[in-house]
Engineer: 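The structure is given below, and queries will be raised subsequently.
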Amino acid sequence: MSTSATRLAGTVALVTGASSGIGEASARSLAAQGATVALVARRKDRLESVATGIRASGGLALVFPADLTDGGSASLVERVLADTGRLDTLVNAAGIMLVGPALDAPAGEWQRNVDLNVSALLNLTHAALPHLVAAARDGRRGVADLVNISSVAGRQAIGGAAVYSATKAAVTAFSEALRQELAAQHVRVSSVEPGAVTTELTDHIRDGVREQNEAWYAALEALRPEDVADVITYVVTRPRHVAVNELLVRPTDQT
Ligand code: NDP
């Protein structure tokens with residue numbers, strides 16, 4: 001029987017957004033459960049530092065610097081497969097939150113949000129799916145996992161965050177439809193919907209709006225990335241017959 005620390009031994013997890021925040025914490029947590037983690041984001045130095053920390057704790061980590069909006073998802077997945085031999089878990093955590101009043105939105109801001117949060121997530125998932133199906137069929141656990149990081153905003157659209165809300169609603173809808181399609185192959189598809197988490201997410205919001213957003217986060221006892229990583233690790237370490245389809249997790253004091 002596997003112990004709690006080796007539940008993911010022999011598996012490979014590709015984690016996007018692994019250079020900071022929820023993706024980084026998830027990569028550390030999955031590695032602590034025995035998974036070999038493939039770390040994806042643009043900042044190579046940050047990925048190297050996360051990988052060094054994982055290896056220092058006895059884990060296995062490989063670094064794959066990539067811009068997920070550049071159309072190279074298929075070759076990225078092939079490189080991960082070439083280096084690791086399999087893919088059991090995909091955590092789609094890379095995302096941006098470019099919020100602000102719709103009337104004042106700078107040209108291109110909506111497109112950037114859709115390009116990463118929706119198109120890149122779809123493209124990477126498309127490339128990874130056949131390998132997840134194969135891992136569920138051939139792997140020791142008999143199951144594979146796709147975990148998409150959506151948001152509270154995907155459930156409850158928020159004025160001032162119209163496009164971000166739309167991207168996250170798309171992620172939640174995609175996850176549920178895919179879940180139905182892949183259930184028979186034992187590929188679990190989960191949508192994790194965090195409330196406020198203290199990360200670098202707000203750094204990229206336009207001037208004037210960013211300050212308001214940061215003040216809202218600061219007024220809460222916000223979640224830490226590790227809190228969401230716990231949730232993701234819980235989802236992917238369930239027994240084969242248990243699928244946690246959707247999980248909404250807010251700070252206790254978030255209304
Ligand atoms: P961070 O800003 O800390 O992390 C975002 C990650 O995405 C970084 O690792 C960043 O790395 C990566 N990324 C950004 N652009 C690209 C790109 N073009 N190609 C590849 N990677 C990219 O924020 P969070 O950890 O908070 O965000 C993770 C997810 O959680 C997002 O999907 C977000 O929408 C969601 N979420 C966050 C909440 C919060 O309150 N923080 C609440 C609800 C949902 P790099 O810059 O190195 O490329």
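Every heavy atom of this structure was used, including side-chain atoms; hydrogens, water molecules and symmetry mates were not. One-based numbering, in listed order, for ligands and for the atoms of each.
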Engineer: Residues in salt bridge (charged side-chain N to carboxylate O under 4.0 Å, His left out) with E181, at least two apart?
Structural biologist: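 Partners of E181 under the salt bridge (charged side-chain N to carboxylate O under 4.0 Å, His left out) test: none.
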Engineer: Could you pull out every protein residue that has a heavy atom closer than 4.0 Å to ligand 1, ordered by chain and then number?
Structural biologist: G17, A18, S19, S20, G21, I22, A41, R42, R43, A66, D67, L68, T69, A93, A94, G95, L116, I149, S150, S151, Y164, K168, P194, G195, A196, V197, T199, E200, L201, Y217
Engineer: Taking all atoms of both residues into account, what is the closest heavy-atom pair of V37 and A27, and its distance?
Structural biologist: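 Closest heavy-atom pair between V37 and A27: CG1-O, 3.6 Å.
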Engineer: List the atom pairs, donor and acceptor, that lie under 3.5 Å between side-chain atoms in residues 218-225 and the rest of the protein, sequence neighbours left out.
Structural biologist:
from : atom 1 : to   : atom 2 : distance (Å)
R224 : NH2    : D227 : OD1    : 2.8

Engineer: Can a salt bridge be assigned to the pair R155 and E246 using a cut-off of 4.0 Å between side-chain N and carboxylate O?
Structural biologist: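 Salt bridge present between R155 and E246.
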Engineer: Go through the structure and list residues passing side-chain hydrogen bond (donor to acceptor under 3.5 Å, both in side chains) with R240, not counting sequence neighbours.
Structural biologist: H186
Engineer: Between E200 and R43 (salt bridge meaning N to carboxylate O under 4.0 Å), is one present in this structure?
Structural biologist: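 Salt bridge flag = yes for R43 with E200.
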